[in-house]
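First the structure, then my questions, so here it is.
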Protein chains: 2
Amino acid sequence: MAKRTETAGRLDDAARAGWLYYVAGRTQDEIASTMGISRQSAQRLVSLAVAERLIKVRLDHPIAECLELGEQLRKKFGLVHVDIVPSDPGSSSTTIGIAEAGAAEIERWLKKSEPIVLAVGTGRTLKAAIDQLPTMECPQHRIMSLTGNIGPDGSAAYYNVIFSMADAVKARHYPMPLPVLVSSIEERDLLHKQSLVQSTLQLGRQADVAFVGIGELGADAPLCLDGFLDPEEMARLMEDGAAGEICGWMFDRDGKLLDGSINERVASVPLPPRETTTVIGLAKGKRKYLALLAALRGRMINGVITDEATARYLLSA
Amino acid sequence: MAKRTETAGRLDDAARAGWLYYVAGRTQDEIASTMGISRQSAQRLVSLAVAERLIKVRLDHPIAECLELGEQLRKKFGLVHVDIVPSDPGSSSTTIGIAEAGAAEIERWLKKSEPIVLAVGTGRTLKAAIDQLPTMECPQHRIMSLTGNIGPDGSAAYYNVIFSMADAVKARHYPMPLPVLVSSIEERDLLHKQSLVQSTLQLGRQADVAFVGIGELGADAPLCLDGFLDPEEMARLMEDGAAGEICGWMFDRDGKLLDGSINERVASVPLPPRETTTVIGLAKGKRKYLALLAALRGRMINGVITDEATARYLLSA
DNA sequence: TCTGTTTGTGGGTAATTGCTCATGAGCGAA
DNA sequence: TTCGCTCATGAGCAATTACCCACAAACAGA
C-alpha cells in the first residue's frame, strides 16, 4: 500500500513536471528549481509523463488524419515510405492528389546532390505525376524506365513516362525500346541481349528508388485498353488467380508473381530488390483496391502514395 | 509540390512536421530528411505549427493535490463543476493553464450529441480559452454571447469571443450587437426590444452551460482599459462596495448585484439561473482573488476553473 | 543480519533544438 | 527595368535536453 501511494505520488510529480514543461513552457532547469529537485530528475519526470501518456498531443489540421492512416499503413505492411493525400469524394479523377504528391516525392529524390538512379514504370497515374514535375537540372542523376515503351503495334505506347520526365528534369535517361509483352520467352531473351537493353537491365538492379503504377485487371484494364492483352487472355489470367500487375509483372492476391507463362513474356526489367530499393506504388480508387492490397501483401512495393479512402480500405482488409 | 510558396501548402507542411515531431516523436533531423528540407527549415515548420496553434497539448492526469483542493472548493461553495490546474509560480501569464482547461471543458460540452445552448461571456481569459479550441463540427448546438460586443467607440470590442468560437466550432451563434454598458436604463430597454436581441435574451435563459470571465475592478480593470468606464466612475463604484463584475454585472463583496444605477445600464443578458444552468467562471491570479471570492460567495457562478494558488486563497478566505 | 535486486540520483557528455545573422529569391511599386 | 520590401533559407553557435554510467537507498528473501 505504501508503495502504491508512492508510485501515485511519483506520477503526480510527473504530471506536474509535464504540465510545467509542455503547457507552461518552462525549461527543465526551471522546473527543477521550482519543484526542488535536480535537473536530471526533472527530465526523468517529464519523460515519465510522456511514457505514461499523461501528456496528450494532438494536431488540429486536416492533414492529421492522413498522417495517422499513413503511420498505420506503414506498420501493417512494413513500408519505408507512405504518403496519404486527402480524398475528394466529389472528384472522379483517378489521379488527383496522387499526381501532385508523387511529383513532390520524385522532386525530393531528385533534389539530392549525390547521384541516384531513379526508376519509373508506366501508366496513367505515373504520367499524371510526371506532368506535375517542375523543370529541374539534374545532371548527376540517372533515370531509367522499368518497362518497354513500344506498343503492340510498334508505336510508342501512350503512357510512356520516361521521355516526358527527361524532358522536365535534365538527366541521363535510359528507356526500354521494347514492348511490355512479347510473344515468347525466346523473343524476350533475344531482345534482352541487346547491349542497350543490357545496360538498362543492370541499372534497374541498382536503382535507389522506383516509382510504379499499380495495374488492375479486368476487361477495361490498362493492358487491355492499350492492346497488349485481348479480353480472352485477360479472362484466362484472372481465372488463374491474377490480381494485378506492376510493369506487366502479374501477381496473385497474395502478391506472388504468377508461375504461368505470362510472366515469361514480360519484357520489363525485374522490379528492383526491395531490400535495397525503395519501390513506391502510386494508386488510388476502388478499381485498384485489390491489386494494391495484393502488391502490398506480397511486398512487391515497400512504399505507397494513395488517398484516405484507399488507405482505409487497405487497413480494414 | 510544384508551388512551394503557397501559404496553405506551407501550413500543410507545418502540420506534417509538427505531427512527425510531436506525435511520431521524430527528431528534427529525421523530419528534415524525410521531407527533403534542411534541419533549420524543419525546425521552423515545427515552431510554425506551434505558433499557428495546430499543436494542442493537454495533460490528462488528475493531480492528487489539485483534486483535493477542488473537492474542498466544491463543498465550501456548493459548486457543480470544479477544475484546478497546477500553478506556475514563475509565470506572469493570467491565462496559462486556465485557457487549456477551459477549452477542454468547453469541448466536453460540445461533444454531446443532444443539442445544447452554450453561453459565453467575454474577457481576455475566455478569449485565450477559445483560442485553444480545436476545429469541430457542432451543427446541433447553439452558442450565444451573454455580453455585447460593441466597444464604447462603436468598434467591435477586443475580446469578443463569440465569433472566434463560431469560427472554430461550426454552430449557430447568437451575438449581442450592443455595447456592454449604455448611457441609461431607457436606452437599454430600447435596445433590448430589437427582435434580434430579444431572441438572444431568451436563449440566455435556457442556456445549459455558460462560461464567463471574472472581471476585477480598479484603475486597470478590463472595463477601464477597454474604455467602458473612466477612472472616476470606477473609483465611485468601488466606494459603493463593488468587488467585481461578470459580463458587466457589478457585484459587491458578498456577490450581490449592486443596487446602484450602474447595473441598470448594463446591456448584457442576465446571468442564466444557477438552478438550471452550469455557470463556470474562469479566473486565476491575485488580482482576481477578491472578485472571484465574491462571485463564489454570492453564487453568481456554480462552477470554477482556476489554479492551485487561487484555490488555496479561496479556501483560506 | 546479510545479500541480491530494484529504483532513484547526480555527474558527465553527446545529441538535439532554438536563435540570430547574412544572403538571396520573389514580388509589387515607381 | 530597377528599387525596395518581405520572407524563406542555410550556417553557425549557444542553450537545452537525452542518454549512459556508477553509486546509494530501499527492499525482499534467506
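In what follows, chains carry the letters A, B, and so on, assigned in the order in which the sequence lines appear, proteins first and then strands, with residues in each chain numbered from 1.
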Here the distance between atom P of C:dT7 and atom CG of A:Leu48, to the nearest Å, is 12 Å

Determine the minimum heavy-atom distance between A:Ala309 and A:Ser87, stating which atoms define it. N-OG, 2.9 Å

Side-chain atoms of B:Gln40 come closest, of D:dA11, C:dT9, D:dA18, to D:dA11

For A:Glu30, is there an ion pair with A:Arg26 - N to carboxylate O distance below 4.0 angstrom? yes

Rounded to whole Å, please give me the gap between CD1 in A:Ile37 and C1' in C:dT7. 16 Å

Side chain of A:Arg44 - closest among D:dT17, D:dG10, C:dT9: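 Of all the options, the side chain of A:Arg44 is nearest to C:dT9.
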
At less than 4.0 Å, is any side-chain N or O atom of B:Ser47 found next to OP1 or OP2 of C:dG18? Yes or no. no

Return no unless some side-chain N or O of B:Ser38 is found under 4.0 Å from OP1 or OP2 of D:dG10. yes

A:Tyr21 side chain N/O closer than 4.0 Å to the phosphate oxygens (OP1, OP2) of D:dT17?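 Yes, A:Tyr21 has a side-chain N/O under 4.0 Å of OP1/OP2 on D:dT17.
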
Between C1' of C:dG18 and CZ of B:Arg39, the distance in whole Å: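 Rounded to the whole Å, the gap is 8 Å.
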
Separation of C:dG18 P from B:Gln43 CD (nearest whole Å): 5 Å

Would you name the heavy atoms of B:Ser47 and B:Arg44 that are closest together and state the gap between them? OG-O, 3.1 Å

Are A:Lys112 and A:Trp109 in a cation-pi setup, meaning NZ or CZ lies under 6.0 angstrom from the ring centre and within 45 degrees of the ring axis?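 Judged by the rule (NZ or CZ under 6.0 Å from the ring centre, within 45° of its axis), A:Lys112 counts as positioned above A:Trp109.
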
Write down the distance between CZ (A:Arg26) and P (D:dA15), rounded to a whole number of angstrom. 18 Å

Would one find a side-chain N or O of B:Gln28 under 4.0 angstrom from OP1 or OP2 of C:dG18? yes

Side chain of A:Thr27, heavy atoms from C-beta onward: which of D:dG10, D:dA18, D:dT16 has the nearest atom to it?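 Comparing D:dG10, D:dA18, D:dT16 against the side chain of A:Thr27, the answer is D:dT16.
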
